There are 2 protein chains.
Amino acid sequence: MSLRHALLGALADDPRTGYALLKHFEQSLAYAWPASHSQIYPELARLQDDGLIEQTETGPRGSKTYAITETGLAEIRRWLRETEPDRRVRSEAALRAFFLWVLEPEEAAGQLERERAYWRGVLDELERIQAEPTGEGRKARAFRIALEGGLATVGARLEWLDSAIAELGSPEWAARAPD
Amino acid sequence: MSLRHALLGALADDPRTGYALLKHFEQSLAYAWPASHSQIYPELARLQDDGLIEQTETGPRGSKTYAITETGLAEIRRWLRETEPDRRVRSEAALRAFFLWVLEPEEAAGQLERERAYWRGVLDELERIQAEPTGEGRKARAFRIALEGGLATVGARLEWLDSAIAELGSPEWAARAPD
DNA sequence: GCACACATGTAAGTTGTTACATGATTAC
DNA sequence: GTAATCATGTAACAACTTACATGTGTGC
């Protein structure tokens with residue numbers, strides 16, 4: 001039920017429309033918990049049914065603004081405090097690394113170079129966000145902490161890719177028989 | 001269809017029983033793609049139906065040993081070469097960082113300390129695996145590269161947790177109103 | 001007037017989780 | 001004998017993806 005709590009957390013931050021939540025997911029939360037509109041809208045309806053959020057406004061083009069309720073705030077606090085985080089991480093990119101030996105070294109290195117280009121782009125984007133001016137409250141500080149987590153992870157991945165590409169280019173790989 | 005290719009990759013490495021694959025997932029692949037027995041066994045049956053793997057042996061206690069076929073090997077190569085990796089990463093632990101401000105600073109710091117303890121354990125385990133002697137072929141080298149990826153990621157996460165915990169303990173957090 | 005971004009929703013299918021279910025061998 | 005581990009499977013449910021579907025305001 002992470003999506004439920006992700007939405008609750010985003011609305012605890014500030015009342016937002018469904019569409020604004022969708023954009024928020026695309027821009028920042030996507031790095032931790034990607035979600036599409038077809039998941040978000042029905043879940044918002046369920047959260048409202050359960051009294052954890054309420055619709056406070058109807059805007060132009062049928063947009064609906066939701067705000068978290070007291071019950072909802074209690075629920076996200078309970079989730080953070082009382083439930084054990086599911087620490088499993090799913091990453092197809094990491095999975096592929098295990099099977100690099102299936103390809104010839106040059107081809108494997110080529111794949112990793114594409115990965116590097118992609119994650120460089122992500123790092124640039126995160127650094128761009130980091131450079132933007134922010135407030136000084138706890139919310140802004142927490143956001144910056146989360147952002148630093150993203151930067152650390154992506155930075156480490158890039159360093160790893162550099163060394164992995166170098167290793168694939170070393171004579172040991174090329175010289176040796178497939179296994 | 002990542003599970004399918006994860007199984008194919010593991011069997012390309014070596015023929016294995018379903019149970020051995022399950023253990024392999026728990027021990028190494030889990031860091032990239034967790035999977036349970038209730039997903040693995042039916043998927044093996046489907047892979048066999050599709051001719052990508054074949055059962056080569058029936059062992060004690062009804063265990064079944066599978067080996068990859070030529071078709072299966074071609075399929076994993078095709079997957080690695082021709083399909084774009086899904087680079088989305090899902091991590092509840094990372095998600096929770098965005099909502100740290102919802103808790104009081106001391107409580108939030110406590111949560112991060114639990115995270116730190118958990119990831120230290122994972123780092124220890126990965127370092128233990130790294131210290132084990134391995135072969136020198138491409139498979140062993142690729143495995144070590146993947147392992148280094150895990151070590152880099154977990155190491156970066158731990159460094160981030162150290163700095164985040166320090167920041168939550170700083171006077172700015174305690175002094176300031178919730179927002 | 002037309003393209004684009006805004007804005008929300010549903011439906012079908014796939015993937016993943018949790019629980020149910022069963023039986024065989026090994027170590028004590 | 002009994003507990004633990006080995007070994008495989010199914011079923012119900014929840015979560016997620018992709019495709020379908022529709023309508024509104026803004027800028028050119």
Side-chain angles (χ1 to χ4, degrees), chain A residues 1-8 10-11 15-27 29-50 53 55-66 79 83-92 95, chain B residues 1-8 10-11 15-27 29-50 53 55-66 79 83-92 95:
Chain A
M1 309 260 275
S2 285
L3 174 64
R4 194 175 178 81
H5 294 100
L7 289 168
L8 228 35
L11 288 175
R16 285 179 161 99
T17 65
Y19 192 76
L21 283 164
L22 176 64
K23 292 296 150 183
H24 184 56
F25 265 81
E26 281 170 7
Q27 285 156 29
L29 265 29
Y31 297 111
W33 205 268
S36 60
H37 82 277
S38 64
Q39 238 192 315
I40 290 172
Y41 290 124
E43 190 61 46
L44 286 171
R46 277 191 291 270
L47 281 163
Q48 190 176 23
D49 283 350
D50 296 343
I53 63 174
Q55 193 188 326
T56 54
E57 221 180 299
T58 305
R61 290 180 259 198
S63 73
K64 299 176 178 177
T65 303
Y66 295 99
W79 178 66
T83 66
E84 189 69 9
D86 181 346
R87 296 189 177 91
R88 285 174 302 185
V89 173
R90 227 173 255 287
S91 161
E92 190 190 312
L95 179 66
Chain B
M1 310 260 274
S2 284
L3 173 65
R4 195 175 177 81
H5 294 100
L7 289 168
L8 228 36
L11 289 175
R16 285 179 162 100
T17 66
Y19 191 76
L21 283 163
L22 177 63
K23 293 295 149 181
H24 184 56
F25 265 82
E26 281 170 7
Q27 285 156 28
L29 264 30
Y31 298 112
W33 205 267
S36 60
H37 82 278
S38 65
Q39 238 191 316
I40 290 173
Y41 290 124
E43 189 61 47
L44 285 170
R46 277 190 290 271
L47 282 163
Q48 190 177 24
D49 283 351
D50 296 345
I53 63 175
Q55 193 190 325
T56 55
E57 222 180 300
T58 304
R61 290 181 257 198
S63 73
K64 299 176 179 177
T65 303
Y66 295 98
W79 178 67
T83 66
E84 190 70 8
D86 181 345
R87 297 190 177 90
R88 285 173 303 184
V89 173
R90 229 172 256 285
S91 161
E92 191 191 310
L95 179 65

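Predicted model, so just to flag it, every value in this text is computed and none were measured. Proteins come first, then strands; the chains are lettered A, B, ... in the order of their sequence lines, and each starts at number 1.
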Every protein N/O lying under 3.5 Å from an N/O of nucleotides 4-8 of chain C:
from   : atom 1 : to       : atom 2 : distance (Å)
dC6(C) : OP2    : Tyr19(A) : OH     : 2.7
dC6(C) : O5'    : Tyr19(A) : OH     : 3.4
dC6(C) : O4'    : Arg61(A) : NH1    : 3.2
dT8(C) : OP1    : Lys64(A) : N      : 2.7
dT8(C) : OP2    : Tyr19(A) : N      : 2.4
dT8(C) : OP2    : Tyr41(A) : OH     : 3.0

*Could you grab the distance from atom CZ of Arg90(B) to atom CG of Asp86(A), nearest 0.5 Å is fine?*
11.5 Å

_Could you check whether any side-chain heavy atom of Leu11(B) comes within less than 4.5 Å of a side-chain heavy atom of Leu44(B), counting everything from C-beta outward?_
yes

*Side chain to side chain, Ser2(A) and Leu95(B), heavy atoms closer than 4.5 Å*: yes

*Figure out the CG/C1' separation between Asp49(A) and dG9(C), and round it to whole Å.*
15 Å

*Can you check the Gln27(B) CD to dT5(D) P distance for me, whole Å?*
14 Å

*asked:* If I take atom CG in residue Leu44(A) and atom P in nucleotide dT10(C), what distance separates them, rounded to the nearest angstrom?
replied: 12 Å

*Point-to-point distance, once rounded to the nearest 0.5 Å, from CZ of Phe25(A) to OG of Ser36(A)*: 10.0 Å

*Validation row: Gln27(B), Lys23(B) side chains within 4.5 angstrom (heavy atoms)*: yes

*Could you check if a side-chain atom of Arg4(A) sits within less than 4.5 angstrom of a side-chain atom of Arg46(A), using non-hydrogen atoms only?*
yes

*Rounded distance in Å - CD (Glu26(B)) to C1' (dT5(D))*: 12 Å

*Is it true that a side-chain atom of Arg16(B) and a backbone atom of Ala10(B) form a donor plus acceptor pair closer than 3.5 Å?*
yes

*Does the Glu57(B) side chain pair with the main chain of Thr65(B), one donor and one acceptor, at a distance under 3.5 Å?*
no

Check nucleotides 14-17 of chain D for protein N or O atoms closer than 3.5 Å to its own N or O atoms and list the pairs.
from    : atom 1 : to       : atom 2 : distance (Å)
dC16(D) : OP2    : Gln39(A) : NE2    : 2.6
dC16(D) : O5'    : Gln39(A) : NE2    : 3.3
dC16(D) : O3'    : Arg90(B) : NH2    : 3.2
dT17(D) : OP1    : Arg88(B) : NH1    : 2.9
dT17(D) : OP1    : Arg90(B) : NH2    : 3.1

_Length of the line joining Leu47(B):CG and dG9(D):P, which is rounded to integer Å_ = 13 Å

